[in-house]
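Report on the following structure.
Note that ligands are numbered from 1 as they come in the structure, with each ligand's atoms numbered from 1 the same way. Keep in mind it's a predicted model, so treat the numbers as computed, not measured.
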Amino acid sequence: MKPRLLTPGPTPVPEDTLLDLARPVFFHRSAEFRAILGEVIEDLKYVFQTAHPVMVLTGSGTAGMEASVASALAPGDKAILMLCGRWGERWRNICKVHGIDFVPVEVPFGKANTAESLEAALKQHPDTKAVFTTFCETSTGVANDIKTFGSIVAKTDALFIVDAISGLATMECRTDDWGIDINVTGSQKALMLPPGLAYVSVSPKAWAKIDANKNARTFYLDLKRFRAKIAEGNDTPFTPAHTLIKAQRTSLKRMRAEGIENIWARHARMAAAARAGAKALGLELFAERPADGLTVITVPGGIDGTAILGALEKKHGLKLANGQDDMKGKIWRLAHMGYIDQFEVLAAISGLEIELMRAGRKVTPGVGVAAAQAAICEHLSRVS
Ligand SMILES: *Cc1c(COP(=O)(O)O)cnc(C)c1O
């Protein structure tokens, strides 16, 4: 059976990148590595749509999140947390550990945070040092309106800090133009690499705060160390996961060749197909404002959601993700981010049709796939 990985991290890795990972290990304090890191940083700037160097950290996405809290804030600093799911909760837990005085702005799972609630919170807390949010809330499939949030925060002294770990390179994201002061992503979502690296962009406004922050409580994740080593000639403060960085260069070249606008369009097309397919099967989307990197479907009444996922994997090689924590068995998460194309989305919808029929639900064979194909056609005609 051919396994198809359709989970929102990790995601499939292109063949040429996998071959890169099979190459012999080389020395990291070398001109060769510095040239590679320089190229990777340039291509990351393109993917982030920023003019400023992107820090490359060894660690999963969470390392990038903690680096931003620990570098930009000191214990007792006030922060507004826009929370709409499990990954927003991660901001809360990191802030707790670092003694941040946080103000949570919450909505129920499945909903998006609102610009109005952000404006109200900033008005009520003018001493806010930073606003934290999640671009794509991978636990619910919700996309937040980062562009609008950024324009609101930009009018204040607060930093705008975004977890774009599953959002970057799946939906339009213009780091500089949208006023994102610290933007965080990881290697294993849309960047077509295995887990292990975190990428953090930092605006001049954020660097000013970081430089003034004499109480930063971190050694390994201090962003200043990374900036200093880049300035010395694309070096790193500690031993980096340099074989991954080298492989990232290969995936980034692929992304450059596709073009960032085309990457956004491909994800929009796959998302449209997944949503149309699910709806045609009589299923409901869980997210009120769905993201383009994954589609989250509510498990219908009378169906064992976990059993369907097991059958999809064992009988068809289709690996979708379950809900996390309390959401287990209640939602299906179909990822279409990174090195995935529309035909894998069609495969997933087709498999879902088959397993829903086998579970006794009335489904006309092909309706989900037909609707998904129609959505793809419609999208392709838009770009001509
Ligand atoms: C995957 C993910 C994370 C977690 O990243 P790790 O790489 O597991 O540390 C955080 N936020 C979002 C939105 C994610 O999708």
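- Ligand 1 has an N or O atom lying under 3.5 Å from an N or O atom of Thr62, backbone or side chain.
- In the model, His52 has no side-chain atom that pairs as donor or acceptor with a side-chain atom of Ser201 under 3.5 Å.
- Proximity to Cys136 (heavy-atom distance under 4.0 Å) selects the following atoms of ligand 1: 13 (C).
- Below 4.0 Å from some heavy atom of Ser166 lie the following atoms of ligand 1, by number and element: 13 (C), 15 (O).
- Ring geometry for Phe219 against Phe238 counts as tilted: the plane angle lies between 30° and 60°, on a 0 to 90° scale.
- By the 4.0 Å N-to-carboxylate-O rule, Asp325 lies close enough to Arg86 to be salt-bridged with it.
- A salt bridge links Lys253 with Asp43: the closest approach of a Lys/Arg side-chain nitrogen to an acidic carboxylate oxygen falls below 4.0 angstrom.
- Between the side chains of Glu66 and His98, at least one donor N or O sits under 3.5 Å from an acceptor N or O.
- A donor-acceptor contact closer than 3.5 angstrom links the side chains of Arg29 and Thr236.
- Shown in contact with Ser60 at under 4.0 Å from a heavy atom are these atoms of ligand 1, numbered in order with element: 6 (P), 7 (O), 9 (O).
- Some N or O of Gly61 is nearer than 3.5 Å to an N or O of ligand 1, by distance alone.
- Here atom 14 (C) of ligand 1 lies nearest to Lys189 when heavy atoms of Gln188, Glu66, Lys189, Met337 are compared.
- Residue Asp163 has at least one heavy-atom neighbour below 4.0 Å for each of these atoms of ligand 1: 10 (C), 11 (N), 12 (C), 13 (C).
- Contact atoms of ligand 1 toward Thr138: 12 (C), 13 (C), 14 (C), 15 (O) (distance under 4.0 Å to a heavy atom of the residue).
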